[in-house]
Amino acid sequence: MDLALPLEMPTLQTTAGWWTCPDNIWRTLGKFDPLISCTVSPSLHPPITDYLPIVTELELPLPRAMSPPLRDFCLANWNKFNKVLAEKLALCSPAKLIAKEAEFKGKVNDLMAIILEVSNTDKIVPMKMPCPFSKHLWNKDLERLKAQ
C-alpha cells in the first residue's frame, strides 16, 4: 500500500488558523492501478468549511459497446417495397388453396423469407448507424414540423 495523497499535504485548517494533515488516502500498487493523480485544490475551497477538497482523478477504462447498423424503416421506399414484394410473392410463392398444416407452415416460412429478402435490400430500406444519443421517437415528420 502506498499513500496517494502526498505526505505533508495540508487538508484541514484548525480554529487557530494552522493547517494540518489528518487525511490519508491509500492506494494499492498492482497490475490495475486506476489512480492518475490525487491532490488538494485550495481554489475549490468552499466557504464556511475547514477542509480543503481532495481531487482524485481515476482512469476507468470502459469498453464502448458498438451497436451494429440497423435498417431505417422510417426512410424506406414503401412504394418500391410493395412492388418488389408483390413480384417476389407472385414468382416464388403463388397463392393457392392450403389443405394441410404442413403446407401452411411451409407457406408461412416462404412468406417470411421473402419479406426478409425484400426488407434487406439497401435500395429499398437503407441502413443507419444508431447514435447512442439519438431520440428514438424522433422522425423526419417531426423534424419537418419543427422547422415550420
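As the structure is a computational prediction, the values presented were derived from the model and not from experiment.
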For the pair R71 (side chain) and N120 (backbone), establish whether a donor and an acceptor sit closer than 3.5 Å, ignoring hydrogens and angles. yes

Would S37 and T39 count as having a side-chain donor-acceptor pair, cut-off 3.5 Å? no

Output yes when a side-chain donor or acceptor of S119 lies under 3.5 Å from a complementary backbone atom of I115, and no otherwise. yes

A side-chain contact here means heavy atoms from C-beta on lying under 4.5 Å apart; do S93 and L111 qualify? no

Could you check if a side-chain atom of L58 sits within less than 4.5 angstrom of a side-chain atom of I36, using non-hydrogen atoms only? no

So CG of L52 and CH2 of W19: to nearest 0.5 Å the spacing works out to 4.0 Å

In the structure I gave you, are the side-chain heavy atoms of P34 and F32 within less than 4.5 Å of one another anywhere? yes

I need the minimum non-hydrogen distance between P94 and L91, along with the two atoms involved. CD-O, 4.4 Å

Taken to the nearest 0.5 Å, the spacing of C38 SG from M9 CE works out to 8.5 Å

Minimal non-hydrogen separation, D33 against L29, with atom names: OD2-CD2, 3.8 Å

Linking I/L/V/M/F/W/Y whenever their side-chain heavy atoms sit closer than 4.5 Å, directly or via other members, would W78 and L85 fall into one cluster? yes

How far does CG of L12 sit from OG1 of T14, to the nearest 0.5 angstrom? 7.0 Å

If you count heavy atoms of other groups shown closer than 6.0 angstrom to NZ of K107, is the number above 12? yes

Mind running side-chain contact (heavy atoms from CB on, under 4.5 Å) on I124 and V84 for me, showing each step along the way? CA-CA 9 Å; I124 298 174; V84 172; 3.9 Å; yes

Return the SG to CG distance between C74 and D141, rounded to the nearest 0.5 Å. 8.0 Å

side-chain contact (heavy atoms from CB on, under 4.5 Å) evaluation trace for L5 with T56: CA-CA 9 Å; L5 191 62; T56 306; over 6 Å; no

Counting C-beta onward and ignoring hydrogens, is there a side-chain heavy-atom pair between P126 and F73 closer than 4.5 Å? no

Hey, what do you get for NZ (K83) to CG (N77), rounding to the nearest 0.5 Å? 10.0 Å

If you apply the rule side-chain contact (heavy atoms from CB on, under 4.5 Å), what do you find for L3 with I25, and how did you get there? CA-CA 6 Å; L3 277 173; I25 297 177; over 6 Å; no

Rounded to the nearest 0.5 Å, how far does SG of C92 lie from CG of D110? 8.5 Å

Crowding at CH2, W26 (>12 non-hydrogen neighbours, <6.0 Å): yes

Taking all non-hydrogen atoms of both residues, which atom of A4 and which atom of L35 are closest, and how far apart? CB-CD2, 3.4 Å

Between P10 and E8, the two heavy atoms sitting closest are CD-O, 3.3 Å

So which heavy atom on V55 is nearest to which on S41, and how close? CG2-CB, 3.7 Å

More than 12 non-hydrogen atoms from neighbouring residues, nucleotides or ligands closer than 6.0 Å to CD on E143, yes or no? yes

Evaluate the side-chain proximity of T28 to D2: yes if any heavy-atom separation is below 4.5 Å, no if none is. no

Give me the atom names and distance for the closest heavy-atom approach of V40 to P42. O-CD, 3.3 Å

